[in-house]
Amino acid sequence: MAPMGIRLSPLGVAVFCLLGLGVLYHLYSGFLAGRFSLFGLGGEPGGDGAAGPAAAADGGTVDLREMLAVSVLAAVRGGDEVRRVRESNVLHEKSKGKTREGAEDKMTSGDVLSNRKMFYLLKTAFPNVQINTEEHVDAADQEVILWDRKIPEDILKEIATPKEVPAESVTVWIDPLDATQEYTEDLRKYVTTMVCVAVNGKPVLGVIHKPFSEYTAWAMVDGGSNVKARTSYNEKTPRIVVSRSHSGMVKQVALQTFGNQTTIIPAGGAGYKVLALLDVPDKSQEKADLYIHVTYIKKWDICAGNAILKALGGHMTTLSGEEISYTGSDGIEGGLLASIRMNHQALVRKLPDLEKTGHK
């Protein structure tokens, strides 16, 4: 008996082929659309399927506007953790050791949880940029925190066009809780969370967020900002904001340099001190004309403030007037002087004694 077969008409064959081509086209076009959308944003798909704006292994570019948007979000998310822990009154406070001045270098759950939120939000969005942070990042606590890829209107209003830079040139500095000592004392006005982006070691983008008043200042060098300088500053008898831990050291030299009418404002947190130089709509924020620090300080404490001041035409240098590079080591030895709308180099020349003190 002859084998039985199935005979298809030419029309049936054509219909079958068209259906197969339609299925292949649908699948392949979806794949291409996904790839093109990633390349258009300068990103590659991550292992979890999320797209990051950082480019692939050849270096690629990142958009500083996107980095600013994520940095603001990271500072706010970290600030939410800082506020939540403080209001719970369960800080799990412990010491990381001693500072160079002999004070306790404290850490709390607020530091740790804020750091986790800030680090992983930035790392998920920009997997190929270097991120330096004050606190240790434990891989066991890794989170995938996605960004919705929306740049807020206030940023778009100030910075209308993309600003692309090579991804390999970028270093991010995170301070998940500035003024930890004051945080443990419940001196909330001094506390900030900060993010800074440096390009080739130069600070170009800064965010300072105050969790307890929910005020956020941000600025981009040659871009825009949501904060501005005050209209006037007193250069002859300035109000000088300094660290609470060594205000007497600065006061002695400041009075010799500027006279007995000089006012010294002891304060906690480098972020708070930079905001003291600006026009900040926060009633708890004190006002100063200069910010002086005379001992060793970490770069994540000052990078964001440096970027904001630089964007507004101000200056932050060592006490000897040198620009601060945000590559290499995580601290600077030469103290710092911060000013805006003043003759910064003239101020540097007035402070020879402070320069010597800063190098002790």
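Keep in mind that what you see is a predicted model, and the values were worked out from it rather than measured. Because only heavy atoms are used, hydrogens play no part in the values below, and waters and symmetry mates are left out as well, while side chains stay in.
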Carefully, step by step, assess Glu286 and Lys189 under the rule salt bridge (charged side-chain N to carboxylate O under 4.0 Å, His left out).
CA-CA 10 Å; Glu286 295 167 283; Lys189 71 177 184 179; 3.6 Å; yes
Go through the steps for Ser213 and Lys283 under the test side-chain contact (heavy atoms from CB on, under 4.5 Å), then give the verdict.
CA-CA 9 Å; Ser213 63; Lys283 294 180 180 179; over 6 Å; no
Criterion side-chain contact (heavy atoms from CB on, under 4.5 Å) on Ile145 and Lys117, from CA distance to verdict:
CA-CA 8 Å; Ile145 306 173; Lys117 292 291 184 184; 3.9 Å; yes
Test salt bridge (charged side-chain N to carboxylate O under 4.0 Å, His left out) on Glu182 and Arg244 and set out the steps.
CA-CA 10 Å; Glu182 288 72 21; Arg244 293 172 72 223; 2.8 Å; yes
Verdict with supporting geometry, Met220 and Glu158, side-chain contact (heavy atoms from CB on, under 4.5 Å)
CA-CA 10 Å; Met220 182 190 294; Glu158 292 288 330; over 6 Å; no
Report the C-alpha distance between Thr180 and Asp111 in whole Å, list the side-chain angles of each, state the deciding distance to 0.1 Å, and finish with yes or no for side chain to side chain donor-acceptor pair (under 3.5 Å).
CA-CA 8 Å; Thr180 300; Asp111 298 82; 2.8 Å; yes
Take Ser339 and His344, measure what side chain to side chain donor-acceptor pair (under 3.5 Å) needs, and give me the verdict at the end.
CA-CA 6 Å; Ser339 71; His344 190 82; 2.7 Å; yes
Using the rule given for side chain to side chain donor-acceptor pair (under 3.5 Å), can you reason through Gln261 versus Thr237, listing the C-alpha separation, both sets of side-chain angles and the distance that settles it, and then say yes or no?
CA-CA 6 Å; Gln261 299 302 312; Thr237 56; over 6 Å; no
For Arg230 and Asp289: C-alpha separation, side-chain torsions, deciding distance, then whether salt bridge (charged side-chain N to carboxylate O under 4.0 Å, His left out) applies.
CA-CA 10 Å; Arg230 300 201 308 271; Asp289 302 302; 3.3 Å; yes
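Salt bridge Arg149/Glu66: present, at least one basic N to carboxylate O contact under 4.0 Å. A salt bridge is absent between Asp301 and Lys299: the closest approach of a Lys/Arg side-chain nitrogen to an acidic carboxylate oxygen does not fall below 4.0 angstrom.
Atom CD1 of Ile131 sits about 10.0 Å away from atom OG1 of Thr171, to the nearest 0.5 Å. Between His209 atom NE2 and Asp178 atom CG the span is 13.0 Å, to the nearest 0.5 Å. Rounded to the nearest 0.5 Å, atoms CD (Glu214) and CG (Asp282) are 11.0 Å apart. Residue Arg83 holds its CZ atom at 13.5 Å from CZ of Arg86, rounded to the nearest 0.5 Å. For the atom pair NZ (Lys163) and CG (Asp63), the distance works out to 9.5 Å, reported to the nearest 0.5 Å. With values rounded to the nearest 0.5 angstrom, Asn89 atom CG is found 7.5 Å from Asp186 atom CG.
Within the 4.5 Å cutoff, the side chain of Arg116 has no heavy atoms near those of the Glu81 side chain. Contact of the Phe258 side chain with the Pro238 side chain is registered, since non-hydrogen atoms from C-beta on lie closer than 4.5 Å. Annotation: side chain of Glu134 is in contact with side chain of Pro176 (closest heavy-atom distance under 4.5 Å). Using a 4.5 Å cut-off on side-chain heavy atoms (C-beta onward), Leu336 and Leu319 make no contact. No side-chain heavy atom of Val90 sits under 4.5 Å from any side-chain heavy atom of Val85. Side-chain contact between Arg84 and Leu113: present, with at least one pair of heavy atoms (C-beta onward) separated by less than 4.5 Å. Residues Val227 and Leu312 have side chains in contact (heavy-atom distance under 4.5 Å, counting atoms from C-beta outward). Between Ile297 and Ile302, the closest side-chain pair of non-hydrogen atoms falls below 4.5 Å.
With His92 contributing its side chain and Lys94 its backbone, the two residues share no donor-acceptor pair below 3.5 Å. Checking side-chain atoms of Lys123 against main-chain N and O of Val129 turns up a donor-acceptor pair under 3.5 Å. Under the 3.5 Å distance criterion, the side-chain polar atoms of Thr263 are left unmatched by any main-chain donor or acceptor of Arg239. The closest donor-acceptor contact from the side chain of Thr193 to the backbone of Ala75 lies under 3.5 Å. For the pair Thr124 (side chain) and Leu121 (backbone), a donor-acceptor distance under 3.5 Å is absent. In this structure, Asn132 contributes its side chain and Trp173 its backbone to no donor-acceptor pair below 3.5 Å. Counting only distance, with no hydrogens or angles, the side chain of Lys287 and the backbone of Val280 share a donor-acceptor pair below 3.5 Å.
At a threshold of 4.5 Å between side-chain heavy atoms, the hydrophobic network of Ile, Leu, Val, Met, Phe, Trp and Tyr places Ile332 and Leu347 in one connected group. Under the 4.5 Å side-chain contact rule for hydrophobic residues, Leu351 and Tyr233 share a cluster. Linking ILVMFWY residues whenever their side-chain heavy atoms come closer than 4.5 Å, directly or via other members, leaves Val72 and Leu177 in distinct clusters. By the rule that hydrophobic residues join a cluster once side-chain heavy atoms approach within less than 4.5 Å of another member, Val274 and Val191 end up as members of separate clusters. Leu73 is connected to Ile159 through a chain of hydrophobic side-chain contacts under 4.5 Å among Ile, Leu, Val, Met, Phe, Trp and Tyr, so both are in one cluster.
The number of heavy atoms from other shown groups lying within 6.0 Å of CD (Glu185) is above 12. Within 6.0 Å of NZ in Lys202 there are 12 or fewer heavy atoms belonging to other residues, nucleotides or ligands.
Nearest heavy atom pair, residue Val82 against residue Gly110, reads CG2-O, 4.0 Å. Considering all non-hydrogen atoms of both residues, Ala270 and Tyr291 come closest at CB-OH, 3.5 Å. The minimum heavy-atom distance between Gly206 and Ala307, with the atom names listed, is N-CB, 3.6 Å. When all heavy atoms are compared, the tightest approach of Thr318 to Gly334 is CB-O, 3.8 Å. Scanning both residues, Thr192 and Gly271, for their nearest heavy atoms gives OG1-CA, 4.0 Å. Nearest heavy atom pair, residue Asp175 against residue Met118, reads O-CE, 4.1 Å.
Contacts of Tyr190 classified as ring pair (Phe, Tyr, Trp, His ring centres under 6.0 Å), with partners at least two apart in sequence or in another chain: Tyr272. Arg77 meets the salt bridge (charged side-chain N to carboxylate O under 4.0 Å, His left out) test with no other residue; sequence neighbours excluded.
The one candidate from Asn306, Leu277, Ile308, Ile340 that meets the side chain to side chain contact (heavy atoms under 4.5 Å, CB included) condition with Met316 is Asn306. Here the options are Asp222, Val221, Val197, the test is side chain to side chain contact (heavy atoms under 4.5 Å, CB included), and the partner is Leu64; only Val197 passes.
Ring pair Phe212/Tyr183 is tilted by interplanar angle, where 30° to 60° counts as tilted.
The stretch residues 111-213 participates, sequence neighbours left out, in these disulfide bond (SG atoms under 2.5 Å apart) pairs: Cys196-Cys303.
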